[in-house]
Each structure stands twice: as structure tokens, then as C-alpha cells.
Amino acid sequence: MNEQLAQIRQKINQTDEQLSHYFSQRMDLVAHVAKIKEEEGLPVYDPEREAQVLERVSQAAGEEKAPYLRRVYQSLMDASKDYERDLMKSRSCDREKTEDAFPRQPKVACQGVAGAFSGEAARRMFPDGTLVFVPTWEEAFQKVSLGECDFAALPVENSLAGSVGQVYDLLLQYRLTISRACRLPVEQNLLAMPGATLDDITEIYSHPQGLAQCKKFCAGLAQARTIPMENTAAAAKMVAALGDVHKAAIASSYCAEIYGLEILAPNIQTAAHNTTRFVAVSQEHFHTMHCNKISLVFSLPHQPGALNRLLSQFAALELNLTKIESRPVSGKSFEYYFYLDFSGNTSSTLIQQLMERLSQELPAFTFLGNYEEI
């Protein structure tokens with residue numbers, strides 16, 4: 001071996017030993033942080049603190065090395081958050097609660113404004129809940145993470161437009177627990193000011209998912225351009241506020257009722273059976289004998305056939321996989337997280353053994369919840 005190369009590698013080994021020592025020291029400090037957060041009811045994930053750390057280490061590394069150090073520190077902070085959660089879980093067995101412990105009148109965060117489909121899903125999952133509307137999905141996560149709301153109702157998949165990628169990314173980022181789920185039939189309608197006709201419409205507003213679900217209908221209105229908004233109900237509210245017969249919104253019939261609009265065209269979604277799946281996330285895990293769905297997120301080792309070997313373990317136990325979704329790992333090229341849903345209840349010994357085995361075998365593994373889909 002080249003003598004100079006051998007000497008450099010020896011120095012790298014020495015540096016790695018120092019890094020391992022400081023890593024262990026840092027994780028001991030993380031353990032202290034976890035204890036304080038648990039005692040004071042603080043969330044594990046603090047986006048402001050994380051951003052400050054990344055900025056500070058980037059500046060210290062210099063322009064050339066900063067992008068590489070950011071990747072290392074992002075992985076380090078992800079590992080620290082997982083360590084905090086594991087410590088909190090091991091010290092607090094009462095975090096798993098029965099269905100009787102569900103808040104009687106929970107506060108439920110929903111993205112959008114009154115009339116949003118997320119609000120309808122929240123009412124279906126928590127009939128006696130109080131809805132708290134926020135502008136973005138991330139703010140809904142924050143409301144729960146900070147303890148300001150008990151749950152957040154979030155769309156994860158539409159039968160026509162597919163998965164809601166941003167919500168999946170936020171599930172991994174905040175690591176809240178899925179506590180309930182429902183499937184909501186979606187009927188999209190073209191809403192406009194009273195007296196307007198289809199020939200009047202030159203602009204159609206809606207959430208990108210709503211526009212995608214009604215793409216065929218919109219294409220038939222050659223004179224109208226589509227404009228995305230953050231929410232279907234927000235689009236209806238804006239059209240009502242503008243009072244312009246040339247503007248229309250794609251939203252629910254309930255929005256027409258509460259915002260004083262007329263339905264120019266009902267049920268305009270392309271697919272006859274248009275359904276959106278919503279989940280409710282919380283800080284605590286509410287487990288009952290009625291839980292029938294389990295959600296996981298994990299990464300795979302870079303080995304040929306890794307995904308096939310993992311899926312074969314579910315097949316061997318005759319577990320029904322209902323969804324698998326891959327999402328790119330932020331800051332890393334061609335690396336992915338996998339989100340997987342399957343039918344089952346963690347009271348099963350076989351499922352418990354499978355979860356334990358996967359948590360040991362996989363590079364990253366997070367249990368997102370065992371819950372009832374109603």
C-alpha cells in the first residue's frame with residue numbers, strides 16, 4: 001500500500017475515534033434534554049433550534065465544506081431526535097392510552113377555512129371536537145406538537161390524484177402518532193356568484209388536488225384558466241368576497257351554502273368514486289382492540305433485493321399491505337424513505353416480533369401508529 005495513503009488513513013482512524021467520543025458525549029447531553037422536555041411537556045422536534053444549529057455549523061465549516069457538513073449534521077440531529085423519543089418511550093409507559101382516554105371534546109387542527117374537506121374529515125373522526133383552522137399543514141402539525149391542539153386532521157391520499165407528498169414528509173419530520181383515520185367521499189362542484197353562467201367563467205380557483213381531480217371538466221371550459229390556491233374552501237371564500245361573476249371555485253356543496261355561492265356544475269370530478277383518506281395525528285398513542293391499521297416509515301440498506309426481502313416477511317405472516325409509498329431523503333441523492341400501511345393490531349405477538357425485528361435490521365425505522373380506520 002502507498003505509504004503516504006496509509007499514514008493519512010491512520011490519521012483518519014484517529015480522528016474517527018475522537019468523533020466517536022464526542023458523539024457519545026453529545027448523545028449523553030441529548031439524554032438530559034429528553035428528560036427536561038418530558039418533564040415540561042415540550043415537543044421533541046424544535047424546527048427553529050434545528051435551523052439555528054445548521055446555520056451555525058455551516059458558517060463554521062466555510063463555504064466549500066458547508067453543504068457536506070449540513071448533511072452530516074442533519075443525520076446527526078435525526079438520530080438525536082430518535083434517541084430522545086426512545087428514551088421518553090422507555091421512561092413513560094403511560095403514553096399509550098386506551099380509547100376511553102380520547103379527549104371528550106378535543107381541539108382538532110385543520111388546514112384551510114370553514115368548509116374545507118379536512119374540517120369535514122375532522123367532524124367525522126371527532127363528532128364533538130372543536131375545529132381550529134390554520135393556513136398550512138405544517139401549522140397543523142405545530143399546533144399538536146406544541147400542545148395547543150389534541151389532534152390534527154390531514155389528507156394523505158386521494159383515489160384520483162394520489163398521495164399528498166408534503167404531508168408524508170411532515171409525518172417523518174414531526175414524528176407524531178397516527179391515532180385515527182377515515183375515508184371521505186369527495187364531491188367537487190363548480191361554485192360561482194349568483195347569476196353567473198358557465199360562459200362567464202374565465203378563472204377557476206382551487207387546491208391543486210381539486211384542480212387535478214376535475215382536470216377533464218376544466219379542459220372543457222376553454223376560456224377559463226385554472227389557478228391553484230392553498231385550499232378548496234379558501235378558494236370559495238375568496239370568490240364570494242370578490243363578487244366577480246367571471247371567477248369560480250372548485251369546492252364542496254357545503255362551501256356554496258356557507259359562502260352564499262351557486263353551484264354551476266355539480267360533481268365535476270373526473271372519477272365517479274373520488275375518495276380522500278385522512279389521518280388524525282396526536283402526541284399520544286391511543287391503542288384499543290379496534291385498531292385495525294398500522295403505519296411505518298423506514299429506510300432500506302443499499303443491498304440488492306432489500307425491499308423484496310422486507311416485503312416477504314409480511315407475506316410470510318399473511319399480513320395485508322394496503323399501501324407503500326417512497327419519498328426522497330432530503331439532501332441525499334437517490335436515497336428514499338418508505339411509508340408502509342398494513343392491516344393488523346400490535347396486540348398480536350407475531351406483529352410485535354416483526355416490529356422488533358425490523359427496528360433492528362433496518363437503517364432507520366419509525367412506528368407511526370396503530371389506529372382504527374373508521
Practice item. Please confirm whether Arg124 makes a cation-pi placement over Phe278, using NZ or CZ under 6.0 Å from the six-membered ring centre and within 45° of the ring normal. Key: no
Practice item. Please report the C-alpha distance between Glu373 and Arg183 in whole Å, then the side-chain angles of each, then the deciding distance to 0.1 Å, and finally whether the salt bridge (charged side-chain N to carboxylate O under 4.0 Å, His left out) criterion is met. Key: CA-CA 8 Å; Glu373 185 159 315; Arg183 295 179 183 271; 2.7 Å; yes
Practice item. For the pair Arg327 and Asp169, evaluate salt bridge (charged side-chain N to carboxylate O under 4.0 Å, His left out) and give the outcome as yes or no after the intermediate values. Key: CA-CA 8 Å; Arg327 296 289 300 165; Asp169 292 340; 2.7 Å; yes
Check your understanding: Under the 3.5 angstrom rule, does the side chain of Ser299 hit a backbone N or O of Ala364 as a donor-acceptor pair?
Key -> yes
Check your understanding: With the 4.5 Å side-chain cut-off for hydrophobic clustering, are Phe133 and Met238 part of the same group?
Key -> no
Check your understanding: Got a donor-acceptor contact below 3.5 angstrom from the Asn189 side chain to the Ala251 backbone?
Key -> yes
Exercise for review: Report yes or no: does Asp150 contribute a side-chain atom to a donor-acceptor pair with the main-chain N or O of Lys107 at less than 3.5 Å?
Suggested key: yes
**Study point:** More than 12 heavy atoms of other groups within 6.0 Å of Lys215 NZ
**Key:** no
Practice item. For the pair Gln283 (side chain) and Thr177 (backbone), establish whether a donor and an acceptor sit closer than 3.5 Å, ignoring hydrogens and angles. Key: no
Point to revise | Neighbour count above 12 (heavy atom, 6.0 Å) for Lys247 NZ | key: yes
Review point. Does Arg309 use its side chain to pair, donor to acceptor, with the backbone of Pro304 at less than 3.5 Å?
Key: yes
Exercise for review: Please report the C-alpha distance between Gln213 and Asn274 in whole Å, then the side-chain angles of each, then the deciding distance to 0.1 Å, and finally whether the side-chain hydrogen bond (donor to acceptor under 3.5 Å, both in side chains) criterion is met.
Suggested key: CA-CA 8 Å; Gln213 293 162 17; Asn274 183 16; 3.0 Å; yes
**Study point:** N/O donor-acceptor pair under 3.5 Å between Asn158 side chain and Thr275 backbone
**Key:** yes
Check your understanding: What about Phe117 and His207, are their ring centers closer than 6.0 Å?
Key -> no
Review point. Without hydrogens or angle criteria, can the side chains of His285 and Asn370 be said to hold a donor-acceptor pair below 3.5 Å?
Key: no
